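Read through the structure below, which is laid out as structure tokens, and then see the notes.
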Amino acid sequence: MSSAISDFIRNRIRDDIENDVVDGSIVTRFPPHPNGYLHIGHAKSICLNFGVAKEFGGKTYLRFDDTNPLKESTEFVASIQEDVRWLGFDWEDRLTFASDYFDQLYGFAEQLVESGRAYVCDLSADEIRATRGTLTEPGSNSPYRERSVAENLDLFRHMRAGEFEEGSRVLRAKIDMASPNLHLRDPVLYRIMHAKHHRTGNKWCIYPMYDFTHCICDALEGITHSLCTLEFEDNRPLYDWVLENVSINFHPPQIEFSRLGLEFNVMSKRILTTLVDDGHVDGWDDPRLPTISGLRRRGVPPEAIRDFCARVGVTKQVNLIETSLLDFCVRNALEDTSPRAMAVIDPLPVDVINFEGDDIALEAPNHSKNPDLGIRQLSFGKELFIERSDFLESASKKQRKLTLNGIARLRYGFIVECVDVVKDSEGNPTELKVKYVPESRSGQDTSGLKPRSTLHWVSGANAVSAKFRLFEHLFNVREPGQGDLGDELNPTSKIEKDGLVEKVVIDEAWDRCQFERNGYFVRESDSTAATPVFNRIVSLSSGVR
RNA sequence: UGCCCUGUAGUUCAAUGGCAGAACGCUUGGCUUUGAAUCAAGAGACGAUGGUUCGAAUCCAUCCAGGGCUACCA
């Protein structure tokens, strides 16, 4: 279906393989921090890491970067695994945790101390900040910078033994307090945290920092290409420094690519958390959220997300992808495989005044081009419903509506002519009086009539009531997160309607289908046979409406 | 008054010194019992200025614009 993907990272990998820079097959990793739920931005990274490994015959680790026990939990570890699996990727036996390497990490830290490249610093966090300098001014050396190796080793071991209070001391790399790269101004390598870790329990009271941990884990796992997002560009010299100053004989290259930006969406963990905590959305799996669990509940199939990630590409450019591309991928994935049915979301009763007797049984294909999806029964009778928006007393030629004294085809049914409209005191239509054309039966039409519009409909006898949830963008600005959240939220991002759906959809418990002319829908998780609920996954593409 | 990264159609990406292409979106037309799908056509871009070169989107310089970096987070 899709031809070989090409981007600067894949080109680099191809070159590395051709030039024997990699020994054997390539190895990548997806290294989430288990402190939140995954979103479609993570999916880009997952598709990249697992994707290139698959394409080049390599392997991928799922490695949890769990170096901060205060922010992590097993709940997130579980949900992340579920999401990665749901997206269609398999780490096989390569599930690891940074905490698996705590012992080795500690050993490497002692090496740094012994070679005089790291020291124990007694400055407080505030003092370290104050002496780090600024973007334009160099920092100043810590008064503890010249401690002897023996003293540092002793102190570090006592740190590990739990003899110091949190915040009282840290282990820092001795690099350059005047470096124009702030990350090289004697970065903290270990801090004291008397906290229980979700995997190592109370074994440790000092925990390694990201910059010290990540590069070493990459090296230990033999990661041949360490792919991360752009904001780590300035960390790369530190990544390299650690690996050069520790006795490890493998040095992965860190390669950075840009995060995914999706218009009308936020990927910031901070803002997503606010949305959930303040009740702006109904949990992390709210169908309006770009979280993997939200997309799953929305009814988006994983192949649509993979296709989307492939189409979006991988570069170092800051980007803001149009939602129309995601919509396209979703429709594309659903088009051939989704059975069709009819649902009237905002019903307007229709009385067929010239109809008498029992309902007429009709047949309709579940997919006009895919006969494998089968056929279903419809019934046509005196009591029908059409979409309220499909009736206009008078309409222009371009508007495909049923008009007063006009005709329309009821899909897979008969042609009807509207002869009268009943209105309430405010002039809104409450019922249509129509005549059907008996010789216009679908497939056996001898009427010679050529109605301009074909409408979806249901008959009262063949329909059950259902709730429909229609979603719009959660935000009403293309790039939210800049100003006040309240102003940026779209007040009509979720609309619930009470309508009617063909019985067969409920009787046979269809979970995902297209309601003709209304879009693709998925049966909600809180849906029951008594009160069915459908989420609109995506509307159909449409021109004038 | 620092360091790093990035500038190609509306958007996201190709083109790796040799005719600027694609996808999505948009416009128009065909088909159609879904304003869908599908088919066909079309409009639309190298941030700027210099330089190197037979030849520059590509190399160099300067400028401009956008993003990132000042956590004992990752």
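No experiment lies behind these values; they were computed from the predicted model shown. Throughout, protein chains are lettered first and strands after them, A, B, ... in sequence-line order, and every chain is numbered starting at 1.
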Starting the side chain at C-beta, find the nucleotide from B/U32, B/U1, B/G68 nearest to A/Thr136.
B/U1

Taking the inter-plane angle between the rings of A/Tyr207 and A/His197 on a 0 to 90° scale, is it parallel (under 30°), tilted (30 to 60°) or perpendicular (over 60°)?
parallel

What contact category does A/Ile128 fall into here, base, sugar-phosphate, or nothing, at under 4.0 angstrom with non-hydrogen atoms?
base

Counting only heavy atoms not in A/Lys316 (residues, nucleotides, ligands), do more than 12 fall under 6.0 Å from its NZ?
yes

Could you write out RNA chain B as a dot-bracket string, with dots for unpaired bases, | for bases paired across to another strand, and Watson-Crick or G-U pairs counted at under 3.5 Å?
.((((((..((((....[..)))).(((((.......)))))....(((((..]....))))))))))).....

Calculate the interatomic distance between A/Arg10 atom CZ and B/C13 atom P; express it in whole Å.
13 Å

Using a heavy-atom cut-off of under 4.0 Å over every strand shown, decide if A/Arg132 touches base, sugar-phosphate, or nothing.
sugar-phosphate

Test side chain to side chain donor-acceptor pair (under 3.5 Å) applied to A/Gln254 and A/Glu256, step by step:
CA-CA 7 Å; A/Gln254 175 183 297; A/Glu256 310 88 8; 3.0 Å; yes

Using whole Å, report how far CG of A/Asp211 lies from C1' of B/C69.
12 Å

Distance, P atom - from B/C69 to B/U11, rounded to whole angstrom
24 Å

Picking from B/G67, B/C69, B/U33, the nucleotide nearest the side-chain atoms of A/Thr454 would be B/U33

May I ask you to say what A/Tyr207 touches in the nucleic acid, namely base, sugar-phosphate or nothing, with a heavy-atom cut-off under 4.0 Å?
nothing

Give the ring-plane orientation class for A/Phe64 versus A/Phe97, where under 30° counts as parallel, over 60° as perpendicular and anything between as tilted.
parallel

Would you say the base of B/U34 and the side-chain of A/Gln514 have a donor-acceptor pair closer than 3.5 Å?
yes

Give one of base, sugar-phosphate or nothing for A/Gly519, where a contact means two heavy atoms less than 4.0 Å apart.
nothing

Smallest heavy-atom separation, A/Val266 atom then A/Gly481 atom, equals CG1-N, 4.4 Å

Determine whether a donor-acceptor pair (one donor, one acceptor, N or O, separation below 3.5 Å) exists between the side chain of A/Ser442 and the base of B/U33.
yes

With sugar-phosphate meaning primed atoms plus P, OP1 and OP2, does A/Asn181 contact a base, only sugar-phosphate, or nothing at under 4.0 Å between heavy atoms?
nothing

Regarding the side chain of A/Leu540, the nearest nucleotide among B/U33, B/G35, B/A36 is B/A36

Any side-chain donor-acceptor pair under 3.5 Å between A/Tyr210 and A/Asn235?
no

Would you measure the distance from the C1' atom in B/A15 across to the matching atom in B/A20 and give it in whole Å?
7 Å

If I pick the P atom on B/C3 and the same atom on B/C63, what distance separates them, to the nearest angstrom?
12 Å

Need one value for A/Met209: base, sugar-phosphate or nothing, where a base atom within 4.0 Å counts as base even if backbone is also close, heavy atoms only.
sugar-phosphate

Distance, rounded to the nearest Å, where A/Leu260 contributes CG and B/G67 contributes C1':
15 Å

Mind calculating the distance between CE (A/Met342) and C1' (B/A36) to the nearest angstrom?
15 Å

Which nucleotide in B/C73, B/C3, B/C5 has an atom nearest any side-chain atom of A/Pro180:
B/C3

Check: A/Gly299 main-chain N/O paired with A/Arg512 side-chain donor or acceptor under 3.5 Å
yes

Whichever of A/Arg478 and A/Glu233 has its nearest RNA chain B nucleotide further upstream toward 5':
A/Glu233

With sequence neighbours excluded, tell me which residues meet side-chain hydrogen bond (donor to acceptor under 3.5 Å, both in side chains) with A/Asn35.
A/Lys269

Please measure how far the C1' atom in B/C13 lies from the corresponding atom in B/G18, and state the result in whole Å.
22 Å

Touch check for A/Ser124, heavy atoms < 4.0 angstrom, all strands: base, sugar-phosphate only, or nothing?
base

What interatomic distance, in whole Å, is found between P of B/A40 and the corresponding atom of B/A22?
13 Å

OP1 or OP2 of B/C73 versus the side-chain N and O atoms of A/Arg191: is any pair under 4.0 Å?
yes

How do A/Gln444 and A/Leu123 order along RNA chain B: which one's closest nucleotide is nearer the 5' end?
A/Gln444

With a 4.0 Å cut-off on heavy atoms, is A/Phe232 in touch with a base, just the backbone sugar-phosphate, or nothing at all?
base

Can you tell which of B/U12, B/A71, B/G7 lies closest to the side chain of A/Gln317?
B/G7

Would you kindly give the CE-to-P distance between A/Met177 and B/U70, to the nearest whole Å?
14 Å

Applying side-chain hydrogen bond (donor to acceptor under 3.5 Å, both in side chains) to A/Trp241 and not counting sequence neighbours gives none

C1' spacing across the pair B/A23 / B/C73, given as an integer number of angstrom:
38 Å

Check the distance between B/U33's C1' and A/Lys450's NZ and give it to me in whole angstrom.
10 Å

How many Å lie between OH on A/Tyr412 and P on B/U32, as a whole number?
15 Å

Determine the interatomic distance between C1' on B/G67 and the same-named atom on B/G47; round to the nearest Å.
16 Å

On a whole-Å scale, what distance lies between the P atoms belonging to B/A43 and B/G10?
14 Å

Picking from B/C4, B/C73, B/U70, which would you name as closest to the side chain of A/Leu135?
B/U70

Test of understanding: with ring-ring contact (aromatic ring centres under 6.0 Å, His included), list the residues that count as partners of A/Tyr190, not counting sequence neighbours.
A/Phe156, A/Phe212

What about the rings of A/Tyr37 and A/Phe76, do their centers lie closer together than 6.0 Å?
yes

Listed by chain and number, what are the side-chain hydrogen bond (donor to acceptor under 3.5 Å, both in side chains) partners of A/Glu387, not counting sequence neighbours?
A/His456, A/Asn518

So does A/Arg452 have more than 12 non-hydrogen atoms from other groups sitting under 6.0 Å from CZ?
yes

Among B/C73, B/G2, B/C13, the one nearest any side-chain atom of A/Asn319 is B/C13

How would nucleotides 16-25 of chain B be written as a contact map, 5' to 3', with B for base contact, S for sugar-phosphate-only contact and - for no contact, using protein heavy atoms under 4.0 Å?
B------SSS

Answer with base, sugar-phosphate or nothing: what part of the nucleic acid does A/Asp327 contact at a heavy-atom distance below 4.0 Å?
nothing

Between the side-chain atoms of A/Arg129 and the base atoms of B/U70, is any donor-acceptor pair under 3.5 Å?
no

Go through B/C72, B/A37, B/U34 for me and flag the one nearest to the A/Arg517 side chain.
B/U34

For the side chain of A/Lys369, starting at C-beta, report the closest nucleotide among B/G35, B/A14, B/U38.
B/U38

How is A/Val312 classified with respect to the nucleic acid when contacts are heavy atoms under 4.0 Å: base, sugar-phosphate, or nothing?
sugar-phosphate

Could you state the CD-P distance from A/Glu363 to B/U33, rounded to the nearest angstrom?
19 Å

Is the distance between the ring centroids of A/Tyr239 and A/Phe232 under 6.0 Å?
no

Proximal nucleotide (of B/U32, B/U6, B/C69) relative to the A/Lys316 side chain
B/U6

